[in-house]
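Reviewing the structure listed below.
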Amino acid sequence: MKIRVFEDAEDLGRAVANRIANQVKKNPGAVLGLATGGTPLATYAELRRMHAAGVIDFSLVITFNLDEFAGIDASHPGSFRRYMELKLFDSVNLDPRRIHFLNGAATDLDAECVRYEEAIASTGGIDLQLLGIGANGHIGFNEPDDTLAARTHRVRLHDQTRRDNAALFGGNPSQVPREALSMGMGTILKSRAVVLMATGARKARCIELAVNGPITTRLPASFLQLHRDVELYLDRGAASQLTRRR
Ligand code: GLP
């Protein structure tokens, strides 16, 4: 794992946006895996700025988002789709036909997961997968458990995760859906490159365990140790408990 530590969340966001811009410069039709949450906001703000300044052209880029809540449709203000529209899609020249999202309102959610996995494969796979990390070590919505799913699947969200996502639902954890759809661990690990971002001391313990702890389904991010091309972009807080950097 390559570890880069930045002064603050803005510096980190700029660096990740540059990493994405370089990928798109090298390959204008790059397949990007995108994440939601608070952590990527600075990255998306910088990508909007770069696009407005003519520095990045998204016209051929293909995107797949990691996950989505079940039981709400794309127009719901709490949906990750809506988040992405507000933070990125509506402000850059992505071709809507190249934007891929899990449909949490599908009548057959299992079939929806199969459709998504096939759609990713049909593009040749994800070139660069962006990840945040949950306070319990989840990536996407792969929650700590006795077992993890390899492919895109339905997940029962932990209470902690529902609390962490409450801001999207008027601050009320009970309004956060109990279920979600998420790329699986295998889907994520098949990406050619992974960039995981984390900010704040609240994530420091998880980051230390993900980098230097055992590989365990109890901390899904620890599986990233098995991938050949993972970069961690951390601020000082998130890096504050690292005992070794490898
Ligand atoms: C949600 C998303 C994850 C994200 C996590 C962390 O649970 N499904 O993909 O990494 O939130 O969010 P934040 O960046 O706000 O800490």
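Indexing begins at 1, ligand by ligand and atom by atom, following the structure's order.
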Verify salt bridge (Lys or Arg N to Asp or Glu O under 4.0 Å) between Glu10 and Arg14, making sure each step is shown before the conclusion. CA-CA 6 Å; Glu10 276 65 41; Arg14 272 192 293 274; over 6 Å; no
How far apart are the C-alpha atoms of Phe64 and Phe101, what are their side-chain angles, what is the distance that settles it, and do they pass the ring pair (Phe, Tyr, Trp, His ring centres under 6.0 Å) test? CA-CA 6 Å; Phe64 285 90; Phe101 236 96; 10.0 Å; no
Is there side-chain contact between Leu94 and Val61, with at least one heavy-atom pair below 4.5 Å? yes
Considering all heavy atoms of both residues, which atom of Ile126 and which atom of Leu32 are nearest to each other, and what is their separation? CG2-C, 4.3 Å
Distance in Å, Ile133 CD1 paired with Cys206 SG, rounded so as to fall on 0.5 Å steps: 5.0 Å
List, pair by pair, the atoms of ligand 1 and of the protein that are both N or O and lie under 3.5 Å apart, giving the separation rounded to 0.1 Å.
residue, atom, partner, partner atom, Å
ligand 1, 7 (O), His138, NE2, 2.9
ligand 1, 7 (O), Asn165, ND2, 3.3
ligand 1, 8 (N), Asp67, OD2, 2.8
ligand 1, 8 (N), Gly140, O, 3.3
ligand 1, 10 (O), Ile133, N, 3.3
ligand 1, 14 (O), Gly38, N, 3.2
ligand 1, 14 (O), Thr39, N, 2.9
ligand 1, 14 (O), Thr39, OG1, 2.4
ligand 1, 15 (O), Gly38, N, 2.7
ligand 1, 16 (O), Lys203, NZ, 2.7

Please list all pairs meeting side chain to side chain donor-acceptor pair (under 3.5 Å) that have one or both residues in residues 197-207, counting only residues at least two apart or in different chains. Asp164-Arg202
